[in-house]
Visitor: 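Sharing a structure with you now.
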Amino acid sequence: MNSSFSTSYSSELSLPSRPRQSALSRSIPSPSSRKSLRINATNRSVQSVNQTILKSHSNYVERFGQPLPVLITEGLTFSERNTVVSAKISNCGYAWLVCGRRLLIWQYRHNMGQAILQKKHVITGQCFELQLPHSDLAHRAELVSVFMHPGTHFPSCIAVSPEGIVRYWPAVNYEGVSVEQTVDLQGQECDSLTNIDGFGYILATTTCTVVLIQPQNLSGRHVLNCRSLKTPSGWLGGLSKRMSSLIFGSISSEQS
């Protein structure tokens, strides 16, 4: 009994002693290790943003920048196969996606012309959803325009259906506040909507009819002014027609 006790006791004493390490020395890494941790964290964050989509011997394509909002990803993923999907970007830093009658608008970069607001406004990935006018034809992003008024935090939007129904939102964050007007195009289909700074928007049809659209604010009430732009019918306007009829009319008479 005594011999066994003495043997166990002597073995415990023969174990090598480990130096004690304070909690402070274990918790605080060295400057070199802190620098390596920062580099690794930076590399991980860059890798999460920059993802290689396509790579070949001569070039490669990467996804760069902030990820798309959830609504945009869902619209691209779960849209029906027959649904026409189109997208476009503007110079004011906003982009939009047209998926059926759904209009999705989000900010992809800061507006370089608003340096003062840029410091206060941060891109949060917020997405605005608007409802386009009813149409029997497919909506397209070329018939939508998103723009910023000076001194505002949220953009305005104007959209035209292929049949000529114009809808204007003074601010995209208020979906229920909009103005609508129908342009009589006599069955023509709209083709494009172009912003002309200082004048308004030029709506062109597939048969070369041109309409000037001007969103206005009259004493706090938002209105749309739409008028067709016709070719001049004066002396200079009819000169080309008279010259062509004179030349080609004489040729046709000689051939007959």
Side-chain angles (χ1 to χ4, degrees), residues 48-54 61-109 123-148 154-195 201-211 213 215 222 224 226:
S48 62
V49 176
N50 298 344
Q51 300 177 5
T52 302
I53 302 175
L54 179 63
V61 180
E62 285 185 348
R63 182 183 290 110
F64 182 80
Q66 297 185 354
L68 293 175
V70 178
L71 284 178
I72 304 299
T73 306
E74 292 178 352
L76 294 173
T77 306
F78 301 105
S79 60
E80 298 181 0
R81 181 174 299 180
N82 298 329
T83 303
V84 178
V85 180
S86 57
K88 200 173 180 182
I89 62 175
S90 64
N91 295 329
C92 65
Y94 281 85
W96 58 93
L97 175 74
V98 175
C99 181
R101 290 188 62 188
R102 298 178 63 189
L103 175 59
L104 305 175
I105 304 171
W106 76 100
Q107 187 179 16
Y108 69 93
R109 67 167 174 82
I123 299 178
T124 59
Q126 185 178 8
C127 184
F128 305 97
E129 182 174 359
L130 304 176
Q131 191 78 5
L132 294 171
H134 176 74
S135 174
D136 295 331
L137 303 175
H139 288 278
R140 295 183 297 110
E142 289 78 10
L143 294 175
V144 179
S145 180
V146 178
F147 57 96
M148 293 286 296
F154 296 97
S156 303
C157 177
I158 183 169
V160 185
S161 68
E163 292 86 355
I165 302 176
V166 185
R167 185 173 293 179
Y168 168 63
W169 292 270
V172 297
N173 56 324
Y174 294 104
E175 180 186 0
V177 181
S178 63
V179 182
E180 187 173 300
Q181 186 173 343
T182 302
V183 181
D184 187 12
L185 298 176
Q186 298 179 357
Q188 302 178 61
E189 182 181 352
C190 298
D191 180 70
S192 63
L193 183 67
T194 306
N195 181 19
Y201 290 85
I202 297 295
L203 175 64
T205 65
T206 55
T207 52
C208 300
T209 298
V210 180
V211 179
I213 302 176
H222 297 279
L224 284 172
C226 305

Visitor: If the condition is salt bridge (charged side-chain N to carboxylate O under 4.0 Å, His left out), which residues does E175 pass it with, not counting sequence neighbours?
Guide: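 Testing E175 for salt bridge (charged side-chain N to carboxylate O under 4.0 Å, His left out), a comparison that skips the adjacent residues, returns none.
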
Visitor: Are C127 and V70 close enough that some pair of their side-chain heavy atoms sits under 4.5 Å apart?
Guide: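 Not in contact.
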
Visitor: Hey, could you give me the CZ/CG distance between R109 and N91, rounded to the nearest 0.5 Å?
Guide: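 So the CZ of R109 and the CG of N91 are separated by 6.5 Å.
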
Visitor: Output the distance between atom OG1 (T73) and atom CG (L68), rounded to the nearest 0.5 Å.
Guide: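 The OG1 atom of T73 sits 5.0 Å away from the CG atom of L68.
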
Visitor: Output every pair passing side chain to side chain donor-acceptor pair (under 3.5 Å) with a member in residues 180-190, not counting sequence neighbours, ordered by first then second residue.
Guide: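 Sorted result for residues 180-190: R167-E180, Q188-T205, Q188-T207, Q188-T209.
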
Visitor: To the nearest 0.5 Å, how far apart are SG in C99 and CD in E74?
Guide: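 C99 SG to E74 CD: 11.5 Å, rounded to 0.5 Å.
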
Visitor: Taking atom CD1 of I72 and atom CD of E129, what is their separation to the nearest 0.5 Å?
Guide: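 Interatomic distance, I72 CD1 to E129 CD, rounded to 0.5 Å: 9.0 Å.
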
Visitor: Could you report the tightest heavy-atom contact between L185 and G164, atom names first, then the distance?
Guide: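 Taking L185 first and G164 second, the nearest heavy atoms are CD1-CA, 3.9 Å.
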
Visitor: Distance check, rounded to the nearest 0.5 Å: Y94 atom OH versus F154 atom CZ?
Guide: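 Nearest 0.5 Å value for the OH-CZ distance: 7.0 Å.
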
Visitor: Do S156 and Y168 come within less than 4.5 Å of each other through their side chains, counting heavy atoms only?
Guide: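 Yes, side chains in contact.
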
Visitor: Roughly how far, to the nearest 0.5 Å, is the SG atom of C157 from the CG atom of L130?
Guide: 5.5 Å

Visitor: Using side chain to side chain contact (heavy atoms under 4.5 Å, CB included), reason through N195 and I158 one step at a time and then give a plain yes or no.
Guide: CA-CA 10 Å; N195 181 19; I158 183 169; over 6 Å; no

Visitor: Step by step, work out the side chain to side chain contact (heavy atoms under 4.5 Å, CB included) result for L97 and L76.
Guide: CA-CA 9 Å; L97 175 74; L76 294 173; 4.0 Å; yes

Visitor: Please report, to 0.1 Å, the donor-acceptor pairs under 3.5 Å made by any side chain of residues 132-146, with sequence neighbours excluded.
Guide:
| from | atom 1 | to | atom 2 | distance (Å) |
| --- | --- | --- | --- | --- |
| S135 | OG | L137 | N | 3.0 |
| S135 | OG | L137 | O | 3.1 |
| S135 | OG | E163 | OE1 | 2.6 |
| S135 | OG | E163 | OE2 | 3.0 |
| H139 | NE2 | P133 | O | 2.7 |
| R140 | NH1 | E142 | OE1 | 3.2 |
| R140 | NH2 | C190 | O | 3.4 |
| R140 | NH2 | D191 | O | 2.6 |
| S145 | OG | Y201 | OH | 3.4 |

Visitor: Can you confirm whether W106 sits close enough to L71 that some side-chain heavy atom of one is under 4.5 Å from a side-chain heavy atom of the other?
Guide: no

Visitor: What heavy-atom pair brings S192 and L203 nearest, and what distance separates the two atoms?
Guide: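 Taking every non-hydrogen atom into account, O-CD1, 3.4 Å.
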
